[in-house]
Amino acid sequence: MEVTSLLAIACSLVLTACGQSPTFSRTSSRDGRCIYSFTVPSPAEESCSEPGEALRAVRELQRERAAQRGELVAMEQRLRLLEGRLAGREDASVAAGEEGKLRAEKADLLRRLEAAEQENARLRDSHCPGHRDSAQDSQHVARGGRQDFFNVPSRKRAQSGREASKWNFESTGYQELKSEIITEIPASKLASRSESGGTSQNPAGCGMLEWVGEPVTFQKADSIVGRYGVWMKDPEPVPPHSREHIWRINTVGTDIRRLYEYQDLDQFMKGHTSKVYMLPEPVESTGATVYRGSLYYQKRKSRTLLRFEMKSETILVRKDLANAGYRGVFPYSWGGYTDIDFAVDELGLWVIYSTSQAYGAIVISKLDPNTLEVEQTWATAIRKRAVANSFIICGVLYTINSYSNQNAVINFAYNTNTNSSKALAIQFENRYRYNSMVDYNPAEKKILAWDNFNMVMYDIKLSKM
Ligand SMILES: *[C@@H]1O[C@H](CO)[C@@H](O)[C@H](O)[C@H]1NC(C)=O
């Protein structure tokens with residue numbers, strides 16, 4: 001999409017909301033990167049009566065809030081039922097455990113709902129302030145009732161900024177609005193300066209991503225704790241596990257410790273677990289992965305990376321990821337504390353995150369899978385909060401522009417072999433409109449994802465090198 005038509009979309013939003021023009025600027029940093037800044041006053045949602053991308057995104061926010069309210073009602077019903085069972089003392093101990101869990105989930109949900117409501121009120125109450133003061137300000141989001149819609153920070157600016165930790169607004173719908181507009185701009189602009197992704201040493205079967213198929217659904221979670229989650233296969237299993245085994249973690253809740261194991265895809269589809277591990281430390285969000293017999297995951301409310309060996313059922317390594325944002329400082333656009341995301345590809349184990357030094361741009365580190373030591377680190381120019389998810393294939397990071405749009409696209413590639421980025425527009429379907437986890441599996445050469453209770457898999461095609 002051309003910049004001009006994007007401006008038109010943004011204008012329809014802004015003019016409707018406030019009768020003001022957005023500002024758009026392009027500057028070049030010393031290292032030759034382009035910086036696009038796109039700022040509009042915050043819209044009041046009721047004012048958006050024009051059709052277009054912006055309106056759809058605002059509706060998305062409303063839908064999300066409605067869904068959260070629905071979850072709350074359902075939870076309250078279950079709590080009442082449980083309270084009844086407790087009073088009747090039929091199976092009191094089971095019900096008591098379940099009740100504690102439900103109460104914790106409800107508290108979490110209430111907090112999220114409240115944050116969404118506050119953001120909403122803030123949007124409604126904002127009085128459409130004037131244009132921003134200078135291009136210097138353009139890096140920052142959510143200040144004084146304004147939003148920056150697009151920005152690729154240069155490394156230079158990244159070092160000077162310290163405001164990243166203030167990015168704490170929760171409105172998922174509003175973030176979505178951001179990302180959908182963001183992702184279209186560079187497609188026409190950044191492509192001209194991108195390099196083709198040549199790599200020096202390529203493992204067999206490697207190439208650049210060219211195509212992603214339709215999602216195929218293998219399982220659907222049957223309770224609210226499975227709205228978000230992660231499911232995994234080990235590309236390099238060690239005995240007693242094989243390539244057939246599947247693992248799953250439901251990640252809604254405050255004390256997530258259950259890792260479910262399935263013998264094979266058939267058992268997985270039937271919902272027959274072969275084993276349940278109780279993890280010594282609780283899991284944060286959907287960034288976990290399984291590799292060489294260990295589950296790698298982020299410890300809840302920390303930047304601590306854990307390696308849990310399944311055979312011994314112990315945590316073999318704990319390592320803090322230096323400077324990594326966590327607990328909602330640099331999540332993907334859907335939120336959910338997706339600050340730290342493990343990935344596995346043909347080259348090994350990676351972690352995708354951000355730091356305030358990188359100013360919220362995606363940072364990729366290659367990890368030693370035995371020790372979790374960082375071997376090498378790359379700073380990209382892709383803002384983490386602006387993308388819905390990311391994964392790595394053959395040392396190339398790919399980002400997705402939306403977690404909820406059924407016609408999403410894979411919009412950027414960052415090649416760690418050449419340190420270059422490239423705009424893309426590869427179709428990616430979020431069939432169930434809330435994709436909370438997307439991981440590549442190098443043994444299957446497929447993408448596994450968790451889309452709104454549904455565990456899905458995508459075929460892919462890589463170019464021949
Ligand atoms: C790419 O960046 C990494 C990390 O900063 C650096 O070690 C490497 O030499 C760079 N490679 C190229 C090809 O520029």
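Just so you know, ligand 1 is whichever comes first in the structure, and atom 1 is the first atom listed for that ligand.
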Starting from the N and O atoms of ligand 1, find every protein N or O within less than 3.5 Å and list the pair with its distance.
residue: ligand 1; atom: 2 (O); partner: Asn419; partner atom: OD1; Å: 3.3
residue: ligand 1; atom: 2 (O); partner: Asn419; partner atom: ND2; Å: 2.4
residue: ligand 1; atom: 7 (O); partner: Gln376; partner atom: NE2; Å: 3.0
residue: ligand 1; atom: 11 (N); partner: Asn419; partner atom: ND2; Å: 2.9
residue: ligand 1; atom: 14 (O); partner: Asn419; partner atom: ND2; Å: 3.0

> Is there a donor in the side chain of Tyr332 and an acceptor in the side chain of Ser390, or the other way round, less than 3.5 Å apart?
Replying inline: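 Looking only at side-chain atoms, Ser390 and Tyr332 do form a donor-acceptor pair, the distance falling under 3.5 Å.
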>> Under a plain distance cut-off of 3.5 Å, with no hydrogens placed, do Glu284 and Tyr326 share a side-chain donor-acceptor pair?
In response: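 No, no side-chain donor-acceptor contact under 3.5 Å.
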> Does NZ or CZ of Lys384 fall inside the cone over Tyr353's six-membered ring, less than 6.0 Å from its centre and within 45° of the axis?
Replying inline: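 No.
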> Just how far is it from atom CZ of Arg433 to atom CG of Asn454, taken to the nearest 0.5 Å?
Replying inline: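 It comes to 13.5 Å.
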> Who passes salt bridge (Lys or Arg N to Asp or Glu O under 4.0 Å) against Lys445, sequence neighbours left out?
Replying inline: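 Only Glu346 meet the salt bridge (Lys or Arg N to Asp or Glu O under 4.0 Å) criterion with Lys445.
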> Pick from Leu295, Leu367, Ile352, Val230: which one makes a side-chain contact (heavy atoms from CB on, under 4.5 Å) with Phe342?
Replying inline: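 It is Leu367; the other options fail the test.
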